[in-house]
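What follows is a set of notes on a single structure, which appears directly below.
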There are 2 protein chains.
Amino acid sequence: MDSLTEENYIKSIYSLSQATGEVFVSELAKKLNIKQPSVNSMMKRLATKKVVAYAPYKGIRLTEKGKKEALSIIRRHRLAELFLVKVMELGWEEVHDIAEQLEHVDSKRFYSRMDEMLNFPKFDPHGEPIPDSNGKIHTQKRTSLSDLAEGLTATIAAVAEDEKSFLDHLNAKGLQIGDAVTLKKREPFDGSVTLRHKSKKEILLTHQVAERIWVE
Amino acid sequence: MDSLTEENYIKSIYSLSQATGEVFVSELAKKLNIKQPSVNSMMKRLATKKVVAYAPYKGIRLTEKGKKEALSIIRRHRLAELFLVKVMELGWEEVHDIAEQLEHVDSKRFYSRMDEMLNFPKFDPHGEPIPDSNGKIHTQKRTSLSDLAEGLTATIAAVAEDEKSFLDHLNAKGLQIGDAVTLKKREPFDGSVTLRHKSKKEILLTHQVAERIWVE
DNA sequence: TTAATTTGTTAGAACAGTCTAACTTTTTAA
DNA sequence: TTAAAAAGTTAGACTGTTCTAACAAATTAA
Ligand SMILES: [Mn+2]
Ligand SMILES: [Mn+2]
Ligand SMILES: [Mn+2]
Ligand SMILES: [Mn+2]
């Protein structure tokens, strides 16, 4: 169907267009580390394949077909991540890079067995929802830890990033999905927050980190 | 290091050159379903990469570096096949195609976890030896079922092919690795053999099938 | 509202990997 | 030992994916 390269474009278009429904060539180029003219010519190609709707100088948007393909890739990625954590006992910080490769494996059986073994899971190791095999995905409105009111307690539901360096940082701070945290203090100057955590220790996070943690 | 395409060439060169130490462009072209000129230009490329030794009109042979790479790919392929059978409970007939993709996954961790989970296995689901992480491989001399003397009993140790259609055929006949079979009769006309098997049934195999079954 | 900046496009090149057509070398068989 | 067949090579082309250089459009700021 699509090449690995095309799949990676589709996935990025999906995630970058979440908010407004469209992405710009410049954003995609930055995300994929590819120059703008390359993105431009790929958009022409994906447009002829009816995966994106694209008019010169206008934003890029996925067609229904494109959305379906994006969700299918995201499903494979997240199922793979969870499989790597739950079945293969890898750390949540090391699975993303492997899943980037596994998501391109073309085999219904491989993924349906994962799904069965994991008992049809709803969330990946980073708290992100796993689209079902029909492409349905649970999108809940989320509160960032950087917006939690002082004094309130909440549970870490997900992280907005699954890059190793970020998760290594959370590991070092001792934070995991499911942990309850109480927001003790927010510094008005730089937005950094101090948390109370089950570890009994106080944890200090910069704004940059706190805003990537979703709580509920 | 190498592209997926290069890895596939290297793997094929390794298996086709097993017997004599070299392969010819025509053999490689047939195996890979690629035209001879394409193989020719790839050989030039692999030669500059010091993966093969290649002189015009001479056979192709892997360098030490090339052999090491081949064994590493074969290791990944066979580990993946066994993982798919033992951990993911797929059938031995459906794992080869998936392993053809998984073998190209670039992740030491992924494979070392498989190795651990499988307890450092020595053979894949088709009875083929799995090279160790240093590239050492157990090569035993094998007897083909088509050469077994009449009246003798032997154990199925491996199959020479792991294509789905062949294994589906063995499944239909009820044959598996580890099964004891007694050679009741060999037809001189076409080399087909009749076996006695634990299933109590007599099994008839054509020469074409029997010669792909290794016994010991 | 003009000028600077940012964003996007076109043109043209390059590399990986493949092909067909045409030619050469080697092997096989008459 | 020559002629036919098989195997291998070269030349040239094409697709996919990417790049740089140059230019055009849209946006932002003076
Ligand atoms: Mn991920
Ligand atoms: Mn994730
Ligand atoms: Mn195989
Ligand atoms: Mn095998």
Side-chain angles (χ1 to χ4, degrees), chain A residues 1-14 16-17 19-62 65-66 69-70 73 100-101 103-104 106, chain B residues 1-17 19-62 66 69-70 73 100-101 103-104 106:
Chain A
M1 180 81 256
D2 299 309
S3 70
L4 180 152
T5 310
E6 289 169 335
E7 288 196 340
N8 285 334
Y9 272 96
I10 293 168
K11 200 166 43 123
S12 294
I13 295 168
Y14 183 89
L16 293 175
S17 65
T20 63
E22 60 179 19
V23 222
F24 295 96
V25 170
S26 51
E27 298 175 276
L28 249 192
K30 178 176 286 184
K31 167 105 165 186
L32 292 167
N33 254 302
I34 280 173
K35 296 293 178 281
Q36 289 190 11
S38 309
V39 171
N40 178 268
S41 67
M42 179 58 90
M43 288 314 102
K44 287 178 186 165
R45 199 128 68 75
L46 292 181
T48 58
K49 291 183 111 184
K50 309 281 186 208
V51 167
V52 300
Y54 181 56
Y57 296 101
K58 294 281 161 55
I60 299 150
R61 38 183 77 231
L62 289 172
K65 184 185 175 206
E69 290 178 20
I73 302 160
E100 285 288 318
Q101 301 178 65
E103 72 190 10
H104 303 293
D106 178 21
Chain B
M1 180 81 257
D2 299 309
S3 68
L4 179 151
T5 310
E6 289 168 337
E7 288 196 341
N8 285 334
Y9 272 95
I10 292 168
K11 200 165 44 124
S12 294
I13 295 168
Y14 182 89
S15 67
L16 294 175
S17 65
T20 62
E22 59 179 18
V23 221
F24 295 96
V25 170
S26 51
E27 300 175 276
L28 206 44
K30 179 177 286 186
K31 166 104 165 186
L32 292 167
N33 254 302
I34 278 173
K35 296 293 179 281
Q36 289 190 19
S38 308
V39 172
N40 178 267
S41 67
M42 180 58 90
M43 289 313 102
K44 288 179 186 167
R45 198 128 69 74
L46 292 182
T48 57
K49 290 184 112 182
K50 308 282 186 208
V51 167
V52 301
Y54 181 57
Y57 297 102
K58 294 281 161 54
I60 299 150
R61 38 183 78 232
L62 289 172
E69 291 179 19
I73 301 161
E100 284 288 319
Q101 301 178 66
E103 72 190 10
H104 304 293
D106 177 22

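Given the structure is predicted, the values throughout are model-derived calculations rather than measurements.
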What nucleic acid atoms does B:K30 come within less than 4.0 Å of, heavy atoms only: base, sugar-phosphate, or nothing?
nothing

Gap between atoms NZ and P, on A:K44 and C:dT9 respectively (whole Å)
8 Å

Filtered N/O pairs between nucleotides 25-27 of chain C and protein, under 3.5 Å:
residue: C:dT25; atom: O4'; partner: B:Y57; partner atom: OH; Å: 3.4

Would you say a side-chain N or O of A:Y9 is under 4.0 Å from OP1 or OP2 of D:dG16?
no

Sidechain N-carboxylate O distance under 4.0 Å for A:E69, A:K11:
no

Between CD1 on residue A:I73 and CG on residue A:D2, distance to nearest 0.5 Å:
6.5 Å

Measure from the side-chain N and O atoms of B:S12 to the backbone N and O of B:N8, and report whether any donor-acceptor pair falls under 3.5 Å.
yes

A:L28 CG to D:dT18 P: how many Å, rounded?
12 Å

Send over the distance from B:M1 CE to C:dA16 C1', rounded to a whole Å.
16 Å

Euclidean distance, B:I13 CD1 relative to B:E6 CD, rounded to 0.5 Å
10.5 Å

Separation of A:I60 atom CD1 from C:dT7 atom C1', in whole Å?
12 Å

State which of D:dC19, C:dG8, D:dT9 makes the closest approach to the side chain of A:Q36.
C:dG8

Report yes if a side-chain nitrogen or oxygen of B:N40 is closer than 4.0 Å to either non-bridging phosphate oxygen (OP1 or OP2) of D:dT9; otherwise report no.
yes

Using a 4.0 Å heavy-atom cut-off, does A:K58 contact any base of the nucleic acid, only the sugar-phosphate backbone, or nothing at all?
nothing

Quick check on A:K65: does its NZ atom have over 12 non-hydrogen neighbours (other residues, nucleotides or ligands) under 6.0 Å away?
yes

Test your reading of the model: is there a side-chain donor-acceptor pair from A:K31 to the backbone of A:Y9, 3.5 Å cut-off?
no

Taking the side chain as everything from C-beta on, heavy atoms only, tell me whether A:F24 gets closer than 4.5 Å to A:I60.
no

Heavy atoms only, 4.0 Å cut-off, all strands: where does B:P56 land among base, sugar-phosphate and nothing?
sugar-phosphate

Nearest-Å distance for atom pair CD/P, residues A:E27 and C:dT6
16 Å

Would you mind classifying the nucleic acid contact of B:S3 as base, sugar-phosphate or nothing, using non-hydrogen atoms under 4.0 angstrom?
sugar-phosphate

Between A:Y54 and C:dG8, does any side-chain N or O lie under 4.0 Å from OP1 or OP2?
no

What nucleic acid atoms does A:S26 come within less than 4.0 Å of, heavy atoms only: base, sugar-phosphate, or nothing?
sugar-phosphate

